[in-house]
Amino acid sequence: MPSQSRAFASYHVSRKSDGGIPKLSKNGRSYSGSSAQYGPRGSSLATSTMPGVAPGSFSTDLKTTSFPRSTASRPELAMSRVASSGPNDDDPVTESEQRQAVVRDKIAKEMKIKTGTENMLEALQSKNPKQTKEQRQKVEMELGTSKRKLHELHQELNQEIQRAQTPTTPPRNHMSSYFRGSPLKSPPVAPDLPDPEPPSDAFEGESPSLVLTEILQELEIEGMQPDYYIERANTLVELFKRHPTLKYDLAWSVFSLRVQMMLLSDSTDVVAAGYRLTRYAIADRSSLKPIRALHTDEVVILSLVKKGNAILEREQAVKFVRAFLDVKDGVLDISRAVVRAVVAVAEQHDDRLHHICILTLAEILMRDPALLIQAGGLNTLTEILSEGTFHASESLAVGFMKLLDAPRRRGYLKSGREIETIFGPLTDPLYCNGHEERLKTSVKAVAEMLKSWSGLLTLSRNNAAALRSMLGSLQYPTIQAKDLVLELLFDVLRIKAPSWSSTFLAGRRLTTYGRGLHAHHEPAIKRLKHDTDHESQRQDLTSHFSTLVLATLLRAGLIEALTNMIKSEEDLAINRKATLLLTEILRLANYCLPEPARSEIQVLSGLVTERTISDAEECAINAALIFQIESINRTLNRVSSITTVSRAYDSHGDIHLGSPLVDKSKLSASMDAEQFRQAVLDTQVPNHVQFIKWKWDLIHSIIEGPLTNPKRLEEVLNSKFLKRLTAFYRPFKYRFSTVRNTRPNQRYVRTGCALIKSLMQTAAGIQYLTENKLLRQVAECMAQVDRLSGLTSTSPIFERSQMVETLSGGYFAMVGTLSQTSDGILMMQKWHMINMFYHIVDLHDREDLVETLLGNMDFSIDSHLRVLLSKALTAGCKEIRIFATKLLRRYAISNELSNAGDVASGSRWVLNLLLTQLYDPDVEVCEIAVKNLEEACNRRDHLEYVVKCRPSLDHLGEIGAPLLLRFLSTSVGYHYLDGLDYITQEMDDWFLGRNDTYVALVEASLARAYAEQPSHRNTYSSNDDILELEDLGVVPPHFYRELARTEEGCRLLEKSGHFNDFASVVRDFELDEEDDETLTKVKGCLWAIGNVGSMELGATFLEETEIVGSIVRIAEGAEVMSLRGTAFFVLGLMSRSKHGNEMLLELGWKSAVDERGQSLGLCLPDQLSRLCSVTFRHNSTDESQALRENADKYKAAAIDDDPFHARVLKAVIEMGNTVLAKKVAVELNGLKNRHQNAFKQVSLFKKTLALLESHHYRLWQRQFILDLFDKGIIRRIVLEEDMEDEMEASTG
């Protein structure tokens, strides 16, 4: 792997002695001028061809010194220097200047040659590479020569300049210039001058083919030190990394000989370097054949059993095997013998390569399960999965899920119960205690299985026996196991714990907590949040799948297991967590399950059955549980009474909606004067100056309650209560502005916003706020960061560090409260705040300040603030434009603007701004604008207005496609796009290929939805206005779905006949088909049918073609689990239309409905067992053939004519028996002592390798057997085959 190259080089450098470490460049070349570090004095190193060697360095062999076009450069230069010497020979300065002029002329000429060569190379690269290969190589060689000559000339010029600046240096005679560039003479010693630095890029100016040839020639030398080969191997690796196409032109006849010499080396480090070099030389599958011809299988087997300091060699051997997996179909070139060796390492828990070998086996399982099963690796993975010792257990689970997906792959498993062993750690009461880490890994694997179709359907077999055993573990006394199982249930059901869950689990009462405004956990609230057209709601596939998971767990006894656990559990935190989970499950079931399943669950028959007097204690426990469930349910349903949305500031400038932690005020606005005065006194504001002693919850309740009454407000206008409260917020009092920016301290910001809002509701309050110093000082603080105001400060309130560490950013939230009313905007204009806002937006180095300003303002009122926002959208930096474009989403989907009924006076301004952002120079801004417009177009009036604007989206390409699809949902948009000839072209694209692409898009979205689940958001970190706009797990826009929204689109669809073609493909599908191309075709047709059928106008196509029954047949009986899941999701889509829901009801599928009786798209069969039929068919033909081949190979290896060899082979076979292993080891040692020459014979070694491939051996057993043979036997195998090849060639 490329990421290992630097570590590999540094490892070898660290192993050298301090006196012999050459300075290595980043590509592994040595910049040392000495040859003693590489080998004997007489070795040929071709130093003159290496760019890192200084001119004139010593070389003992001139035969390898080659001078291309520039060979005469230095003699030429010397002769020109002699010729240029004239009357001023005695003047060393003049002579030096003349030499410098000559060199500069040479540099200028060479620069022109280099520029022309680069232009020619660029022209050749734009042509066909195959036709211009030879020309390109010549030009590259010429370019490399030119760059190398330029480097030499620059060095010569620098030396000449330095020599001229040294007055004490005597002038050199004319003849000395002849030998300055000669390789026979070393350069003059200049102790006061540093050595010339090597080029920053060692390959700069060199043809990669030439460098490759040079290094391969250097590797041809034998008998050098290990570092010599390692450094050149590292250099080749860097060359392959820099020029990836170079490995496609390798001459393997030469390259393989160099690599083979390294792999057969006695040094483990050289062998490791050989593995690494070979790994980087792999180009495609065709290059694997010459690599395996180097006997890499035998070498890898021997490397993996080595001990001691050979860890680097073993590591590189495993990475070499893994490199085969990176090549398409490269797994087919991995031999069973190598996999056996990897399995042996994976079984050794204390081996350093244990984990990487497990991952290697998991990848082989996904690509070629037959190979892994023949090598005995499946049992190893099953054992590791059941033990829970591998921390990345979910990756192993993915491999097993891939195996279970298709019928042919399932045939490699005997019954499917192999994966049920993963529940072992959870269901063993003795194992649960003291193995928390293993329990966690098992839980992760179980969760991964329950999030896949193959895993869920397989675990649902046999009445969900495996899931029942897991739920039964809730009765075990181990707290850790119970907690992990509960967390598992929260995860697989995608239930988000409420924000107050941590304090509730700690034992706090529920009376002071309310559910937040966001309510992410409840899909009903999420779906009814915006008053948009029901047809525009897209199907959430994760909700549909979670419904099936919930139904499966309920069928396995989830409710009974939780109720029994709650009644018997003594640990308070676990008891409360289980109660919370049970309540959430009841709410989820009430929402997503169809009748009568939801009603049966809500009864909780196990808690309300009739009891006798003797069961009074149990009845009390049941009653307490029901009361607790009801209390939690009320708290979940309670909505915060905060009617204003205050925006709190954080260190990153994000927008935060007002806190829902403050419960509904118990103080009425109509309370009498006596009660009000007592409440004011109870706040401790009149009694204490220190704000820490004030009761802020009560202050907030008074502000939102009694102070909204004008009479009560007049009573406190001149009181100590309001004076101290407003003085606390004044910036230059340095009280509020210096409070630390923490989550608990955000209450001060919320109270300040509430205070300003209450004062703005009455004329007296506005007058008080106008005369108060609060706004004037806030404006002065803004002027401190306005560079055009003329005010400066050494420590501004709105300095970046102050905004991060203190609550000073909360002033923008308070000013934002002013922007909600016209009077407030007039007050802002009075203190010139808006003028300063224009200047602040121009601060390109204060993105945090600009984001805070924009995020806290309210742009609902037509004022200068909208102009300010428009300026930020068009003239700001990229980050500000992105932030402001995301900010527009709040107003584009706002109910308040849309409910006015007049688009022109409501949301036209925000739609115009979004349309302008479509032409932003940055693609990311355009993409966000498209997504915002797409969501805004859920309302028909918004969509019609956007279509009337006729935006041009051709420049956006695929980014603008979703918005164009949304235009199809109205007749106006249809005719607009039809006039552009968009519809017919798009229909042809979707029919011919886009349907297949849509399948990959949906499956990738689902995979990411489960892989990147958002963390449990609390009310401080969540933000509905600036969300990640990519909806994972939601059905993406589909062309045929949007086409079926209008009558014109349905007529076009009927005329095209595409729907009938889709229906015929689905109808003719065979349930046992598993060809990938066919499956993708069928899935694409299913999604097209489902999207059309989800529309009321398109549902008529379902009845005409009678295709619903065929889709139900696929959902209940398809052998490929992923296809069955696709059909299940498509049925949910079709159930959204009234007509489709009725047809599904006739076929035994029911859908959940909302309060209005409309389908939610969450349908299930009457009998869940109809989905859970999974068959396992054994691959008898493949297995029998593999067994016959293995048996034949084993018989041939176990028999030998030599009695001694036969005895050794028999002992090797018995070595695999764990019981006899030690006894046989003693016997083999004795045989080796008596007949050492026998263990040097190649035939015996080959038969031993065949036995090791045919049988399962532990790692220590393999080590012992292979250590019996001579260390150089693999070299003799290679040499004998080479001799045989030579003899065949001579006789032929």
Side-chain angles (χ1 to χ4, degrees), residues 530 532 536 538 653-655 841 847 850-851 853-855 857-860 865-895 897-898 903-904 906-970 972-973 976-977 980 982 986 1001 1023-1032 1034 1036-1037 1042:
H530 304 299
T532 55
S536 65
R538 290 183 291 174
D654 291 339
I655 305 169
V841 170
E847 291 87 356
V850 179
E851 290 180 2
L853 168 63
L854 297 176
M857 292 301 109
D858 193 317
F859 303 96
S860 302
L865 292 177
R866 290 187 181 177
V867 182
L868 178 74
L869 179 61
S870 177
K871 179 180 180 181
L873 286 167
T874 55
C877 62
K878 176 184 175 182
E879 290 74 16
I880 297 301
R881 299 201 310 273
I882 292 175
F883 181 89
T885 307
K886 290 181 178 179
L887 189 64
L888 293 176
R889 177 180 179 270
R890 179 201 306 172
Y891 304 96
I893 65 176
S894 174
N895 290 330
L897 295 176
S898 301
V903 180
S907 55
R908 173 178 290 183
W909 69 274
V910 67
L911 296 178
N912 288 333
L913 290 178
L914 285 173
L915 289 172
T916 304
Q917 294 306 97
L918 294 177
Y919 308 102
D920 191 276
D922 192 89
V923 178
E924 189 175 355
V925 177
C926 299
E927 186 175 3
I928 297 172
V930 168
K931 291 180 179 179
N932 286 344
L933 282 171
E934 183 186 357
E935 191 170 1
C937 288
N938 286 340
R939 288 192 60 89
R940 189 171 297 274
D941 50 358
H942 290 184
L943 178 59
E944 291 177 353
Y945 177 77
V946 173
V947 173
K948 288 179 182 178
C949 293
R950 303 174 68 88
S952 176
L953 303 178
D954 295 340
H955 64 288
L956 297 180
E958 291 297 325
I959 297 177
L963 187 57
L964 290 175
L965 290 181
R966 186 56 57 90
F967 288 175
L968 284 176
S969 60
T970 62
V972 177
Y976 166 62
L977 295 177
L980 299 176
Y982 167 81
E986 194 73 5
L1001 178 63
N1023 178 20
D1024 276 1
D1025 295 305
I1026 299 179
L1027 290 172
E1028 181 63 36
L1029 299 178
E1030 184 178 3
D1031 296 325
L1032 299 177
V1034 177
E1042 305 302 324

If you round to the nearest 0.5 Å, how far is [atom2] of [Y] from [atom1] of [X]?
X      : Y       : atom1 : atom2 : value
Leu977 : Thr970  : CG    : OG1   : 8.5 Å
Leu953 : Ile959  : CG    : CD1   : 10.5 Å
Leu964 : Glu986  : CG    : CD    : 8.0 Å
Ser969 : Glu1042 : OG    : CD    : 5.5 Å
Leu915 : Asn932  : CG    : CG    : 11.5 Å
Cys937 : Leu914  : SG    : CG    : 9.5 Å

Salt bridge (Lys or Arg N to Asp or Glu O under 4.0 Å), paired with Glu935, selected from Arg889, Arg890, Arg966: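 One option only clears the test, and that one is Arg889.
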Verdict with supporting geometry, Leu888 and Ile928, side-chain contact (heavy atoms from CB on, under 4.5 Å): CA-CA 10 Å; Leu888 293 176; Ile928 297 172; over 6 Å; no
Shortest non-hydrogen separation from [X] to [Y] and the atoms involved:
X      : Y      : answer
Ala884 : Leu873 : CB-CD2, 3.3 Å
Ala892 : His942 : O-CE1, 3.3 Å
Ser870 : Thr874 : O-OG1, 2.9 Å
Tyr945 : Arg908 : OH-CG, 2.8 Å
Val946 : Pro951 : O-CD, 3.3 Å

Is [Y] close to [X] at the side-chain level, that is, under 4.5 Å between some pair of heavy atoms?
X      : Y      : value
Trp909 : Leu869 : yes
Lys931 : Leu963 : no
Val972 : Leu943 : no

Under 3.5 Å donor-acceptor, [X] side chain and [Y] backbone:
X      : Y      : answer
His955 : Leu918 : yes
Tyr982 : Tyr976 : no
Thr916 : Asn912 : yes
Tyr891 : Phe859 : yes

Set of salt bridge (charged side-chain N to carboxylate O under 4.0 Å, His left out) partners for Glu847, sequence neighbours left out: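 Salt bridge (charged side-chain N to carboxylate O under 4.0 Å, His left out) check on Glu847 returns nothing, list empty.
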Non-neighbouring partners of Lys878 that pass side-chain contact (heavy atoms from CB on, under 4.5 Å), sequence neighbours left out: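 In terms of side-chain contact (heavy atoms from CB on, under 4.5 Å), with neighbours along the sequence ignored, Lys878 is linked to Arg881, Ile882, Asp922, Glu924.
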Test side chain to side chain donor-acceptor pair (under 3.5 Å) applied to Glu927 - qualifying residues, sequence neighbours left out: none
